[in-house]
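Keep in mind that this is a model prediction, so the values were computed, not measured. For the single chain, residues carry numbers from 1 onward in sequence order.
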Amino acid sequence: MIQRIQTLYLIAAFALCIGCLCKPVAHFTIHEGLGNTADMYNLWLVSEGRHEFYFCPVMMGILIITALLVFLDIWLYRHRASQMRLAVFCMILLVAWYIAYGIICHVLSTSLHASWRPHWTAALPAAALILLYLSFRGILKDEMLVRSLDRLR
């Protein structure tokens, strides 16, 4: 299992999803008032050391589900067809995370009258998306190899 390169890609994608859960993904500079700043995590805002909860667990939910499915995908190495389907579903979920990220940042910036810029950790799901694609290609290559060997028998 671990000797397959796609397993290493899946482990790295899992680690990147978990890393994005733990770090801020955007930084807001509020123009009205005294120029306060706030960091946006996947579930809450942190402004001046205190958590300001906003009820939008979409981004956190998508990342948790993606991380769990990627972890499950690692253990499906004997069922390559299911592993490929699950990898594609995880890629779709990561694209949905970026859509939710853009919408939520836009809504928060207009409601707070603030400007925002992404943190470097907002690129972690994109790197996980690339790693999931590479693992999909490796799984597909293994499936084609097994099918060609079955034809020779």
Side-chain angles (χ1 to χ4, degrees), residues 1-2 4-31 36-144 146:
M1 174 188 85
I2 197 73
R4 298 170 60 213
I5 188 71
Q6 56 266 29
T7 304
L8 297 176
Y9 290 147
L10 290 171
I11 291 171
F14 174 74
L16 289 175
C17 287
I18 296 297
C20 185
L21 281 171
C22 301
K23 298 286 184 181
V25 291
H27 181 76
F28 287 90
T29 304
I30 302 168
H31 298 298
N36 295 334
T37 62
D39 287 329
M40 182 181 86
Y41 288 77
N42 283 297
L43 190 58
W44 59 78
L45 285 172
V46 176
S47 177
E48 298 175 358
R50 66 178 199 275
H51 296 282
E52 296 179 11
F53 185 76
Y54 64 95
F55 187 71
C56 191
V58 175
M59 290 173 39
M60 184 136 199
I62 289 174
L63 272 182
I64 287 173
I65 291 170
T66 304
L68 291 174
L69 290 177
V70 169
F71 187 73
L72 175 68
D73 205 13
I74 294 169
W75 302 106
L76 288 176
Y77 60 93
R78 292 187 184 175
H79 307 285
R80 286 175 295 280
S82 299
Q83 198 176 22
M84 284 190 294
R85 276 189 237 116
L86 200 54
V88 169
F89 184 67
C90 289
M91 287 188 272
I92 292 169
L93 283 176
L94 288 175
V95 170
W97 184 86
Y98 274 109
I99 292 170
Y101 175 71
I103 291 170
I104 290 170
C105 285
H106 176 70
V107 167
L108 282 176
S109 68
T110 56
S111 68
L112 293 175
H113 303 291
S115 62
W116 68 278
R117 62 179 171 81
H119 273 266
W120 64 270
T121 54
L124 292 180
L129 183 69
I130 292 168
L131 289 170
L132 283 168
Y133 175 72
L134 290 174
S135 70
F136 174 80
R137 285 186 47 195
I139 297 164
L140 185 63
K141 189 188 297 184
D142 279 357
E143 182 67 23
M144 292 299 135
V146 168

Fill in: Derivation and outcome, side-chain contact (heavy atoms from CB on, under 4.5 Å), residues R117 and T29
CA-CA 9 Å; R117 62 179 171 81; T29 304; 5.8 Å; no

Looking only at heavy atoms, what is the nearest atom pair of [X] and [Y], with distance?
X: L94; Y: P125; result: CD1-O, 3.6 Å
X: A128; Y: L16; result: N-CD1, 3.7 Å
X: A114; Y: I30; result: CB-CA, 3.7 Å
X: F14; Y: A67; result: CD1-O, 3.2 Å
X: M40; Y: F28; result: CB-CE1, 3.7 Å
X: Q83; Y: I74; result: NE2-O, 4.4 Å

Worksheet item: Under the criterion side-chain contact (heavy atoms from CB on, under 4.5 Å), which of L10, L8, T7 is the partner of S135?
Response: L10

Item to complete: Using the side-chain contact (heavy atoms from CB on, under 4.5 Å) rule, pick out the option among I65, T66, V58, I62 that qualifies with W97.
Response: I62

Roughly how far, to the nearest 0.5 Å, is the [atom2] atom of [Y] from the [atom1] atom of [X]?
X: L21; Y: Y41; atom1: CG; atom2: OH; result: 12.5 Å
X: M84; Y: E143; atom1: CE; atom2: CD; result: 5.0 Å
X: Q6; Y: L140; atom1: CD; atom2: CG; result: 10.0 Å
X: L63; Y: L68; atom1: CG; atom2: CG; result: 11.0 Å
X: L132; Y: I92; atom1: CG; atom2: CD1; result: 11.5 Å
X: L93; Y: L86; atom1: CG; atom2: CG; result: 9.0 Å

Practice prompt. Determine whether more than 12 heavy atoms belonging to other residues, nucleotides or ligands lie under 6.0 Å from atom CZ of R80.
Written response: yes

Worksheet item: Between F71 and W75, what is the ring plane arrangement, given parallel below 30°, perpendicular above 60°, and tilted in between?
Response: perpendicular

Discussion item. What verdict does the side-chain contact (heavy atoms from CB on, under 4.5 Å) test give for M59 and V25, after you've listed the backbone C-alpha separation in whole Å, the side-chain angles of each residue and the deciding distance to 0.1 Å?
Written reply: CA-CA 10 Å; M59 290 173 39; V25 291; 3.9 Å; yes

Discussion item. Contact between V146 and D142 at the side-chain level, heavy atoms closer than 4.5 Å - yes or no?
Written reply: no

Worksheet item: Has the side chain of Y98 got a donor or acceptor atom that lies under 3.5 Å from a matching backbone atom of A122?
Response: yes

